[in-house]
Amino acid sequence: MMDKLSYLSKIHIFEALPPEDLMEIDQMTPMTHFSAIPKGTIVQTPDSNRDGLFFIKTGKLRVYKINSEGKQYTAAILGAGNMFGEIDAFSLGTSDGYIETLEETLLCSVHKDQFEQFLLQRPELVLRFLKEVSKKLNEASELLERLALGTVHERVLYLLLRLSSQFGIPEEHFVKIDLPLTHMELAHMIGATRESVTNSLNELSKQGIIRSGRKKILVDQKKAKESFALDNH
C-alpha cells in the first residue's frame, strides 16, 4: 500500500512542494478510514458534509445531485489523487452534493484549521488550489449542462467519452474504462432509465463506437468524438 507521503507527492497540486512541506502535511492528515470503504457507501449528503479536505488515496467516488423530480445527476467522478471538501478559504463545490463510492475507496483527510494555517505560509500553493478549484467547477458545470440538455443517446455518449478520458486504459484502438459499470449505474449518472441507456449502448455497439461486456465498456474515442460532433450539428 502506498504510504501517505508518497501519495501526497503524486497529487499535482503538491508536486512542487519540498519534502519538508510534504512531511508536514503527512503529519497533519490522519486517515479518515483505516480500512477500505465498501462500494456503494454514501460518504456525504448535503446535510452531513464536514469541514476539511479529503484526499482519495485509492478507489473512485461519484458526486451527484438530485433534482426536483427526484432524478440523480452526476456532477463529477473522482479518482485517486482527487480531493473534495470545504475550508473557509475556498470550496471544491461538493458541499451541496451526495458523494458515493463507486468501488472500494480509501480516504485521508486534513482538518480545515490545520490546513488553512499551512496555506497562510505558502501563497504559491493557494494559487494552485484556486486554479484547481476553477478547473473542477468548470468541468462540473459543463458536465451538468450536457447531462441536462442532451438526449439520452447524447448524454450516454458524452459520459462515456468523459469517463474514457479520465479513467481510460488503451486496449488496441479502443480505450477501456477502468470502472465497473452496470447499465443501472450509468442510468443514475445521467438521470435516465436503465432501458433507455441499454438501448443507447446497443446502438453504440452496432455503430462500432463501443464494445461492452459484463460491467466492462471499451470506447473508440475517435468514432465517439466524430459521432458526438455530428449529434451536435
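One-based numbering along the sequence shown. Bear in mind that the values here come from a model prediction, so they are computed numbers and not experimental data.
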Checklist entry - Rounded to the nearest 0.5 Å, what separation is found between the CD atom of E171 and the CD1 atom of I177? => result 12.0 Å
Checklist entry - Between R211 and K216, is there a donor-acceptor pair closer than 3.5 Å when you use the side chain of the first and the backbone of the second? => result no
Next on the checklist: Please find the pair of heavy atoms, one from S200 and one from V152, that lie closest to each other, and give the distance.
Outcome noted: OG-CG1, 3.7 Å
Item to check | Partners meeting side chain to side chain donor-acceptor pair (under 3.5 Å) with S165 (sequence neighbours left out) | outcome: none
Checklist entry - At what distance, to the nearest 0.5 angstrom, does CG of L107 lie from CG of L53? => result 12.0 Å
Checklist entry - Which heavy-atom pair separates V197 from I190 by the least distance, and what is that distance? => result CG2-CD1, 3.9 Å
Checklist entry - Sequence neighbours excluded, which residues qualify as side-chain contact (heavy atoms from CB on, under 4.5 Å) partners of E100? => result I42, R62, Y64
Checklist entry - Is it the case that K60 places NZ or CZ above or below the six-membered ring of F167, under 6.0 angstrom from the centre and within 45 degrees of the axis? => result yes
Checklist entry - Would you say the side-chain atoms of E116 pair up with the backbone N or O of D113, donor to acceptor, closer than 3.5 Å? => result no
Checklist entry - Should L160 and L218 be regarded as members of a common hydrophobic cluster, given that ILVMFWY residues are connected when their side-chain heavy atoms come within less than 4.5 Å of each other, either directly or indirectly? => result no
Next on the checklist: Can a donor-acceptor pair be found, under 3.5 Å and without considering hydrogens, that links the side chain of Q72 to the backbone of K65?
Outcome noted: no
Checklist entry - Is I209 linked to Y158 within one hydrophobic cluster, defined over Ile, Leu, Val, Met, Phe, Trp and Tyr using a side-chain heavy-atom separation of less than 4.5 Å? => result yes
Next on the checklist: How long is the straight-line distance from CG of L78 back to CD1 of I99, given to the nearest 0.5 Å?
Outcome noted: 7.0 Å
Checklist entry - At their closest point, which heavy atom of A224 faces which heavy atom of V219, and how far apart are they? => result CB-CG1, 4.0 Å
Checklist outcome for this item: The reported gap from NZ in K206 to CG in L201 (rounded to nearest 0.5 angstrom) is 12.0 Å
Item to check | Spacing of SG belonging to C108 relative to CE belonging to M83, to within rounding of 0.5 Å | outcome: 9.5 Å
Checklist outcome for this item: The remaining residues in the hydrophobic cluster of L120, counting side-chain heavy-atom contacts under 4.5 Å among Ile, Leu, Val, Met, Phe, Trp and Tyr, are none
Next on the checklist: Which residues pass the side-chain contact (heavy atoms from CB on, under 4.5 Å) test with T182, not counting sequence neighbours?
Outcome noted: M184, E185, K215
Item to check | More than 12 heavy atoms of other groups within 6.0 Å of K39 NZ | outcome: yes
Checklist entry - So do the side chains of L102 and I77 get within less than 4.5 Å of each other, counting heavy atoms only? => result yes
Next on the checklist: Suppose we screen for side-chain contact (heavy atoms from CB on, under 4.5 Å). Which residues come up paired with T101, at least two apart in sequence or across chains?
Outcome noted: I37, T41, V43, L61, T105
Next on the checklist: Donor-acceptor pair, distance only, cut-off 3.5 Å: does the side chain of T74 make one with the backbone of M189?
Outcome noted: yes
Checklist entry - Is there a side chain to side chain contact (heavy atoms under 4.5 Å, CB included) between S227 and L157 once you walk through the steps? => result CA-CA 8 Å; S227 178; L157 187 57; 3.6 Å; yes
Checklist outcome for this item: Sequence neighbours excluded, the answer for salt bridge (charged side-chain N to carboxylate O under 4.0 Å, His left out) partners of K223 is none
Item to check | Residues forming a side chain to side chain donor-acceptor pair (under 3.5 Å) with S205, sequence neighbours excluded | outcome: none
Next on the checklist: Restricting to ring pair (Phe, Tyr, Trp, His ring centres under 6.0 Å), what partner residues turn up for F174, sequence neighbours left out?
Outcome noted: none
Item to check | Which residues share a side chain to side chain donor-acceptor pair (under 3.5 Å) with E195, sequence neighbours left out | outcome: none
Checklist outcome for this item: By side-chain contact (heavy atoms from CB on, under 4.5 Å), V175 pairs with (sequence neighbours left out) S164, Q221
Checklist entry - What residues form a salt bridge (charged side-chain N to carboxylate O under 4.0 Å, His left out) with R194, not counting sequence neighbours? => result none
Item to check | Heavy-atom closest contact (G59 atom, E103 atom, distance) | outcome: CA-OE2, 3.5 Å
Checklist outcome for this item: Test side chain to side chain contact (heavy atoms under 4.5 Å, CB included), reference I217, set L186, L163, L204, output is L186
Next on the checklist: Test side chain to side chain contact (heavy atoms under 4.5 Å, CB included) on L106 and I56; report intermediate values, then the result.
Outcome noted: CA-CA 6 Å; L106 192 62; I56 303 171; over 6 Å; no
Next on the checklist: According to side chain to side chain donor-acceptor pair (under 3.5 Å), who are the partners of Q207, at least two apart in sequence or on a separate chain?
Outcome noted: E203
Checklist entry - Under the side chain to side chain contact (heavy atoms under 4.5 Å, CB included) criterion, do Y98 and I66 qualify, and how do the steps go? => result CA-CA 8 Å; Y98 295 82; I66 298 178; 3.8 Å; yes
